[in-house]
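Note sheet for the following structure.
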Amino acid sequence: MIDIKLIREKTEFIKQRLASRHGGDESRIDEILALDEQRRKGLARAEALKAERNRASKEIGALMAKKDLAAAEQKKTEVAKIGPEIKALEEEIARIEAARESLMLFLPNLPQESVPVGKSAEDNPVVRVHGGQPEFAFKPKNHIELCESLKLVDFARGAKLSGSGFLLYTNWGARLERALIQFLLDLHTTQHGYTEVSPPLMVGPQCLMGVGQFPKFKDQYYGVAEGDKAGALGKLYLIPTAETPVANIHREEILAEKQLPVRYCAYTPCFRGEAGAAGVGTRGMIRVHQFDKVELIKIVKPEHGADELEQMVANAEKVLQLLGLHYRVVLLCTGDMGFASAKTYDIEVWAPGQGSYLEVSSCSNCEDFQARRMSLRFKSETGENKFPHILNGSGTALARLFVALIETHQQADGSVVVPEPLRAYLKAERISAA
RNA sequence: GGAGAGAUGGCUGAGUGGCCGAAAGCGCAGGUUUGCUAAACCUGUGAACGGGUAACCGUUCCGAGGGUUCGAAUCCCUCUCUCUCCGCCA
């Protein structure tokens with residue numbers, strides 16, 4: 001959520017930054033300001049009335065203590081009419097506030113000034129490239145062919161169980177997936193200083209609200225447990241990413257400054273209902289409704305946000321370097337950024353069988369946008385409560401990493417050589433047809 | 001799922017209609033004393049929003065929401081969560 005004070009004080013600046021992004025909705029700013037003005041006026045009036053009532057009530061108490069009952073009774077009748085007036089006013093304020101709030105929840109974050117202005121993915125500058133495209137003395141297979149010949153994934157039966165977009169990993173495929181998860185968690189916990197957590201896979205709507213997935217993108221997520229099992233939180237949702245529960249761990253808390261930075265990593269499956277775009281990626285493992293991911297989350301002091309983002313990208317890149325994969329890092333332009341983000345780097349790994357780059361990581365600094373929504377603060381040394389920056393990044397998404405890995409390391413005989421750092425986890429050096 | 005108990009400040013825990021933003025203790029911060037440490041003593045110590053250059057002022061907050069009342073931590077209703085016991089269960 002954007003700071004309402006900033007909207008009041010730097011209205012034009014906000015509008016201009018919002019306009020630079022896709023779906024910026026800067027047209028709503030004036031509406032928000034009008035509601036805000038009304039709310040503040042109403043609040044001032046209600047508070048004045050309450051002050052009056054409090055004063056009178058105190059007097060009544062004093063009169064009764066002096067046994068001056070007649071005077072007390074008279075005072076009571078005078079004050080009695082203030083109550084309903086306050087109530088009516090408060091109901092009006094609540095309506096106005098709800099309207100302002102719901103508009104504000106639909107405003108995306110402001111892009112940082114360093115983010116290039118652009119319309120779509122085509123305007124994203126490539127920041128750096130690691131390695132080169134591997135060359136093959138034979139025609140490389142794509143991952144679907146490899147999965148079928150090596151029996152790593154049973155696409156047909158996955159679809160039979162749950163529909164298209166769900167995968168049944170089998171034998172070495174399942175083991176490779178598990179080995180990758182273990183490898184990634186060990187890397188980030190032992191080498192990169194993250195603390196591992198394992199969160200719930202179903203969360204209440206306020207978690208999605210907190211990170212900015214609700215209310216605007218509500219239809220993209222799977223809901224569960226409607227009806228008799230819906231508890232205090234209401235309906236529960238399958239998490240679209242570990243970011244959703246993990247970033248909310250400290251929701252509505254005030255952390256001590258010395259607790260920062262907080263760095264978490266978590267492995268979870270991720271569930272996404274987004275309809276597969278027609279054509280590209282509907283087959284195979286590139287775009288599925290359920291996939292595994294190891295996620296990195298940081299909560300840091302605002303002045304460290306920029307550095308921490310660079311480090312996070314480097315942590316994710318390390319994964320691809322260790323696995324011997326060619327990749328590039330792109331900086332998302334204003335038009336291509338996610339709703340909550342102020343600055344995002346994507347890491348795209350090369351998949352020779354596809355002949356294209358696949359996004360396997362997206363690292364964002366959401367600044368205080370999410371912290372505001374979830375009311376997560378820290379107390380500075382001067383005693384002020386401040387909003388920290390919250391960062392999230394994939395480290396990395398699994399299904400696509402799996403694709404790049406087998407396509408890159410495939411051999412002329414149809415087998416796949418396991419990269420050295422993964423061998424101890426997989427307990428194999430090569431995956432071959434049985 | 002059944003029965004009971006509870007939810008108050010960083011923590012423990014008093015408070016059954018006005019003198020309560022809330023006793024007391026612990027913790028924490030500052031100070032006095034002291035060769036150092038410790039101890040003792042004194043003082044202070046929640047948050048949000050609004051107004052003011054500021055000292056400061058106003059409003060709200062005792063699990064959440066509603067009600068009664070001139071006035072609610074305190075009375076009434078609903079909900080949630082936690083704990084204990086029983087049942088069931090990976």
Side-chain angles (χ1 to χ4, degrees), chain A residues 1-9 32-101 104 198-207 209-210 224-236 245 248-260 262 269 368 371-388:
Chain A
M1 192 147 53
I2 300 173
D3 187 358
I4 183 68
K5 283 185 194 155
L6 206 59
I7 297 179
R8 275 184 218 136
E9 285 157 22
I32 288 169
L33 281 174
L35 288 167
D36 182 54
E37 186 62 25
Q38 278 182 53
R39 189 190 79 101
R40 277 152 33 103
K41 283 207 172 117
L43 218 48
R45 233 178 328 145
E47 284 184 7
L49 285 172
K50 282 183 187 173
E52 195 183 329
R53 186 183 64 183
N54 287 347
R55 225 179 301 119
S57 289
K58 230 170 204 166
E59 281 172 34
I60 292 169
L63 288 171
M64 304 224 341
K66 275 194 285 179
K67 306 268 195 243
D68 191 348
L69 297 182
E73 281 306 318
Q74 198 203 325
K75 199 88 196 168
K76 276 192 199 178
T77 56
E78 281 174 30
V79 187
K81 58 178 181 287
I82 300 182
E85 205 178 329
I86 292 174
K87 200 176 167 200
L89 200 49
E90 286 193 323
E91 278 165 9
E92 193 194 335
I93 292 167
R95 268 198 308 277
I96 294 167
E97 189 167 345
R100 186 197 71 164
E101 204 69 2
M104 286 186 64
S198 181
L201 305 182
M202 296 191 281
V203 294
Q206 66 285 65
C207 285
M209 195 72 81
V224 292
E226 193 129 37
D228 62 349
K229 210 54 196 161
L233 304 179
K235 188 170 174 175
L236 293 175
N248 276 285
I249 287 174
H250 299 289
R251 175 154 49 96
E252 287 159 46
E253 291 181 21
I254 300 175
L255 302 174
E257 182 163 7
K258 61 173 184 279
Q259 285 177 266
L260 303 182
V262 172
D368 61 11
R372 256 175 225 293
R373 285 176 160 245
M374 62 179 76
S375 190
L376 163 58
R377 291 160 294 174
F378 71 96
K379 194 176 282 294
S380 73
E381 273 161 23
T382 57
E384 277 176 293
N385 290 331
K386 295 180 170 174
F387 291 104

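Computed over heavy atoms, backbone and side chain alike; hydrogens, waters and symmetry mates excluded. Chain identifiers are assigned alphabetically (A, B, ...) following the order of the sequence lines, protein sequences preceding nucleic acid strands; residue numbering begins at 1 within each chain.
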In terms of side-chain heavy atoms of [X], which of [options] is nearest?
| X | options | value |
| --- | --- | --- |
| A:R8 | B:A48, B:G50, B:C70 | B:G50 |
| A:V79 | B:G58, B:G50, B:C70 | B:C70 |
| A:N385 | B:G18, B:G67, B:A47 | B:A47 |
| A:K379 | B:G50, B:G58, B:A47 | B:A47 |
| A:L43 | B:C70, B:U59, B:C49 | B:C49 |

Distance check needed: [N] [atom2] versus [X] [atom1], whole Å only.
| X | N | atom1 | atom2 | value |
| --- | --- | --- | --- | --- |
| A:E90 | B:C61 | CD | P | 9 Å |
| A:L49 | B:U60 | CG | P | 11 Å |
| A:R39 | B:U59 | CZ | C1' | 12 Å |
| A:E97 | B:A48 | CD | P | 16 Å |
| A:N54 | B:C20 | CG | C1' | 13 Å |
| A:I86 | B:G58 | CD1 | P | 16 Å |
| A:K50 | B:G50 | NZ | P | 15 Å |
| A:I82 | B:U59 | CD1 | C1' | 14 Å |

Taking atom [atom1] in both [N] and [M], compute the distance separating them and give it to the nearest angstrom.
| N | M | atom1 | answer |
| --- | --- | --- | --- |
| B:C88 | B:G2 | P | 15 Å |
| B:A24 | B:U80 | P | 37 Å |
| B:U45 | B:G25 | C1' | 15 Å |
| B:G4 | B:G87 | C1' | 15 Å |
| B:G67 | B:C11 | C1' | 34 Å |
| B:G9 | B:G46 | P | 13 Å |
| B:G71 | B:G66 | P | 16 Å |
| B:A72 | B:G65 | C1' | 15 Å |

Where each residue is assigned the nucleotide of RNA chain B containing its nearest heavy atom, which of A:A48 and A:I60 is assigned the position nearer the 5′ end?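 That would be A:A48.
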When the nearest nucleotide of RNA chain B is assigned to A:R377 and to A:K76 on a heavy-atom basis, which residue is associated with the more 5' position?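 This one resolves to A:R377.
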Quick one: do A:R40 and A:R8 satisfy side-chain contact (heavy atoms from CB on, under 4.5 Å)? Show the steps, please. CA-CA 12 Å; A:R40 277 152 33 103; A:R8 275 184 218 136; 3.4 Å; yes
Would you call A:P245 and A:M202 a side-chain contact if the rule is heavy atoms closer than 4.5 Å?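 In short, these two side chains do not touch, never coming nearer than 4.5 Å.
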Do the side chains of A:K386 and A:R377 get nearer than 4.5 Å, heavy atoms only? no
Under 3.5 Å, which donor-acceptor pairs do the side chains of residues 79-97 of chain A form with other protein atoms, sequence neighbours left out?
unit_1	atom_1	unit_2	atom_2	d
A:K81	NZ	A:E78	O	3.3
A:E90	OE2	A:K50	NZ	2.5

For A:R372 and A:I2 the tightest heavy-atom approach is CD-C, 4.1 Å
Name the atoms and distances for all side-chain donor-acceptor pairs under 3.5 Å in residues 54-63 of chain A, with sequence neighbours left out.
unit_1	atom_1	unit_2	atom_2	d
A:S57	OG	A:R53	O	3.1
A:E59	OE1	A:K75	NZ	3.0

Base, sugar-phosphate, or nothing for A:K87, non-hydrogen atoms under 4.0 angstrom? sugar-phosphate
A:A44 near the nucleic acid: base, sugar-phosphate alone, or nothing, with a heavy-atom cut-off under 4.0 Å?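 Nothing, no heavy atom under 4.0 Å.
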Using side-chain contact (heavy atoms from CB on, under 4.5 Å), reason through A:K379 and A:L255 one step at a time and then give a plain yes or no. CA-CA 6 Å; A:K379 194 176 282 294; A:L255 302 174; over 6 Å; no
hbond_proxy A:E47 side chain to B:G50 base (donor-acceptor, 3.5 Å cutoff): no
Hey, is the side chain of A:R40 poking within less than 4.0 Å of OP1 or OP2 on B:G51, counting only N and O atoms?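 For B:G51, OP1/OP2 do have a side-chain N/O of A:R40 under 4.0 Å.
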When rounded to the nearest 0.5 Å, the distance separating CD of A:E101 from CE of A:M1 is 4.5 Å
Apply the test side-chain contact (heavy atoms from CB on, under 4.5 Å) to residues A:V262 and A:L260: give CA-CA distance (whole Å), side-chain angles for both, the deciding distance (0.1 Å), then the verdict. CA-CA 5 Å; A:V262 172; A:L260 303 182; 4.1 Å; yes
Toss me the dot-bracket line for RNA chain B: Watson-Crick and G-U wobble, both under 3.5 Å, 5' to 3', using | for pairs to another strand and [ ] for crossers. ((((((((.[[[..)..(.....]]]((((((.......))))))((((((....)))))).[[[[[..)....]]]]])))))))....
